[in-house]
Amino acid sequence: MLANKTIVLGITGSIAVYKAADLASRLTQAGARVEVVMTEAATRFVTPLTFRSLTGRRPIDMFDLDSEPGIGHIALAKMADIVVIAPATANIIAKLAAGISDDTLTCTVLATRAPVIIAPAMHTFMFQNPITQDNLAKLRARGFIIVEPACGRLASGGIGQGRLAEIEKIIGTIKQVMGKSDDLAGKCVVVTAGGTQEPIDPVRYIGNRSSGKMGYALAKAARDRGATVTLVTAPTSLPEPAGIEVTHIRTATEMKEAVAKAVSRADVLIMAAAVADYQSKSVAKAKIKKESPSLTLELVRTPDILTEVKGNFLKVGFAAESEDIVANARRKLDKKNLDLIVANDITDPESGFGTDTNKVTIISKDGKTESLPLLSKREVADRILDRVVGLLKR
Ligand code: CTP
């Protein structure tokens, strides 16, 4: 989705500029035309040559007589699909909040009609200072998008909030903002992910091998196509995606409650989570000791979320099957009254739990069956969403 888009990447004088090199490289690799604008302070940390080498384009400085004629702040402001300032110092934030335009970057931002993303990076004390917070609030109120800095070790040696957000998070925000005009713009999509955990005692639970990767890929793909996404996730080791409202739950019952709440404004519910079918009838208050040679657990059914959650939205289910895949999936589609079901063969080592790839068959209510080749989970997500978009148009 970044292919052939023009991203003006503003870089200011923070020690985090070296991370902007990675950002410039990743955006260029994604097919974007990256026009770098560095402040004078930024050039003291990293030279423009680094960015010219990474983007294949010369960083733009309107006061540089050697730079290409005709490419000044107005041309940049017009050609930008998005402006991203990363890292953004307290100084650039203060200047933008005050409407000061005294270099190529501030002039471009003032002149552009494109969305502007700001990723601050500075010492915690500077970030927390009410002056900086007021400036950020002012910018937010004017429609600037702020990617909150992360907590962690700072260059000064201290620990606190102020580190430039992860590059993944900045790219996620760019995609989210740019996806606003895409085919799921204005739609609300609820996605569930991961394997639920049903407690037995304070330390043990009944779980399953779901990694959450398929659900997270769906949530990110829906976000990138412009949807407002809520992700209801069981515990996973995956990083929280940017630009998505994430609700963390543990059990099937908690997932049902979170989904029931989230679907009140949803157009689509996609249940990619591996929900436990059974839970322990009683949960021991203290850790169960190995006193007897055998132990019997009584299990009772969990709520069936897809069946029980009702409303005026499309329902998409998954069917992880080990035999009679299509027939079993069809049966589930009918039983749970779904619009689409995505069946996968969990006996295939490249498909299903924990892998980065998946081989699925998508079946719709009207019987249309589409078997896809082995694809990355992200590609599978987009193919599922293509079908969802088709159904939403009806
Ligand atoms: N699902 C659900 N609530 C449950 C169990 C499953 O909403 N308690 C959803 C899953 O997220 C999935 C679909 O139902 O989208 C099918 O899940 P699956 O476990 O394959 O089917 P089950 O109905 O549990 O049938 P079985 O385990 O007998 O194959």
Side-chain angles (χ1 to χ4, degrees), residues 189-199 205-219 221-222 229-236 247-263 266 268-281 299-311 313-348 351-355 358-365 369 377 380-381 383-385 387-388 391:
V189 177
V190 178
V191 181
T192 65
T196 60
Q197 299 180 349
E198 308 302 328
Y205 60 82
I206 302 168
N208 63 67
R209 289 175 47 218
S210 170
S211 64
K213 285 180 183 173
M214 193 62 238
Y216 277 59
L218 274 159
V229 182
T230 304
L231 174 65
V232 179
T233 178
T236 72
T247 305
H248 293 274
I249 55 83
R250 206 166 267 281
T251 66
T253 305
E254 287 167 7
M255 181 170 273
K256 186 192 156 192
E257 278 162 19
V259 169
K261 206 163 137 209
V263 291
V268 187
L269 166 64
I270 307 179
M271 285 288 304
V275 186
D277 292 326
Y278 292 93
Q279 61 195 345
S280 183
K281 189 173 181 190
L299 302 180
V300 292
R301 289 285 296 272
T302 55
D304 190 307
I305 303 171
L306 264 178
T307 308
E308 293 182 25
V309 173
K310 296 200 164 61
F313 48 82
L314 289 182
K315 278 186 181 178
V316 181
F318 272 72
E321 303 291 345
S322 51
E323 54 192 0
D324 296 335
I325 294 146
V326 173
N328 274 329
R330 271 219 181 103
R331 219 169 293 132
K332 267 178 208 171
L333 178 135
D334 289 338
K335 200 172 89 191
K336 302 196 184 200
N337 196 20
L338 308 179
D339 296 280
L340 278 184
I341 194 153
V342 183
N344 62 339
D345 179 356
I346 50 165
T347 59
D348 181 338
S351 175
F353 291 137
T355 59
N358 213 350
K359 195 169 169 211
V360 304
T361 300
I362 308 176
I363 305 162
S364 55
K365 209 194 229 166
T369 301
K377 285 190 171 168
V380 172
R383 299 290 285 268
I384 296 168
L385 293 177
R387 297 285 295 271
V388 166
L391 291 175

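Both counts, for ligands and for their atoms, begin at 1 and track the order of listing.
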Thr192 side chain near Phe318 side chain, heavy-atom distance below 4.5 Å: no

Among Val309, Val275, Thr196, closest by any non-hydrogen atom to atom 4 (C) of ligand 1: Val275

Min N/O separation Val316 to ligand 1 under 3.5 Å: no

Should Ala273 be listed as contacting ligand 1, given a heavy-atom distance under 4.0 Å as the test? yes

For a 4.5 angstrom cut-off between non-hydrogen side-chain atoms, does Lys377 reach Thr355? yes

N/O to N/O below 3.5 Å, does that happen between Phe318 and ligand 1? yes

Under 4.0 Å between heavy atoms, the region of Asp304 that gets near ligand 1 turns out to be both

Under a 4.0 Å threshold between the charged nitrogen and the carboxylate oxygen, would Asp304 count as salt-bridged to Lys336? yes

Among all protein heavy atoms in this structure, tell me which lies nearest to atom 7 (O) of ligand 1, with the distance rounded to 0.1 Å. Leu306 N, 2.9 Å

Side chain, backbone, both or neither: the part of Pro303 lying under 4.0 Å from ligand 1 by heavy atom: backbone

Under a heavy-atom criterion of less than 4.0 Å, does Lys336 contact ligand 1? yes

Please state whether Ala272 comes within less than 4.0 angstrom of ligand 1, counting heavy atoms only. no

Does Gly317, backbone or side chain, put an N or O under 3.5 Å from an N or O of ligand 1? no

With the threshold set at 4.0 Å, does a side-chain nitrogen-carboxylate oxygen contact exist between Asp339 and Lys365? yes

Just jot down the ligand 1 atoms closer than 4.0 angstrom to any heavy atom of Thr302, in number order. 8 (N)

Just one of Arg331, Lys332, Arg330 clears the salt bridge (Lys or Arg N to Asp or Glu O under 4.0 Å) bar with Glu321, so which one? Lys332

Report the residue from Val342, Leu340, Leu385 that forms a side chain to side chain contact (heavy atoms under 4.5 Å, CB included) with Ile270. Leu385

Are any of the side-chain heavy atoms of Leu218 and Val189 separated by less than 4.5 Å? no

Considering only protein heavy atoms, which is closest to atom 3 (N) of ligand 1, and at what distance to one decimal place? Ile305 N, 3.0 Å

Report yes if the side chains of Ile363 and Thr369 come closer than 4.5 Å at any heavy-atom pair, otherwise no. yes

Donor + acceptor pair across side chains of Thr233, Tyr216 (<3.5 Å): yes

Heavy atom of protein inside 4.0 Å of atom 28 (O) of ligand 1, strictly below: no

Using a 4.0 Å cutoff against the non-hydrogen atoms of Ala320, which atoms of ligand 1 qualify? 20 (O)

What's the shortest distance from atom 20 (O) of ligand 1 to any protein heavy atom, and which residue and atom give it? Lys332 NZ, 2.6 Å

Ligand 1 versus Asp277, non-hydrogen atoms closer than 4.0 Å: side chain, backbone, both, neither? side chain

Ignoring hydrogens and angles, tell me if any N or O in the side chain of Ser322 forms a donor-acceptor pair with the backbone of Thr347 under 3.5 Å. no

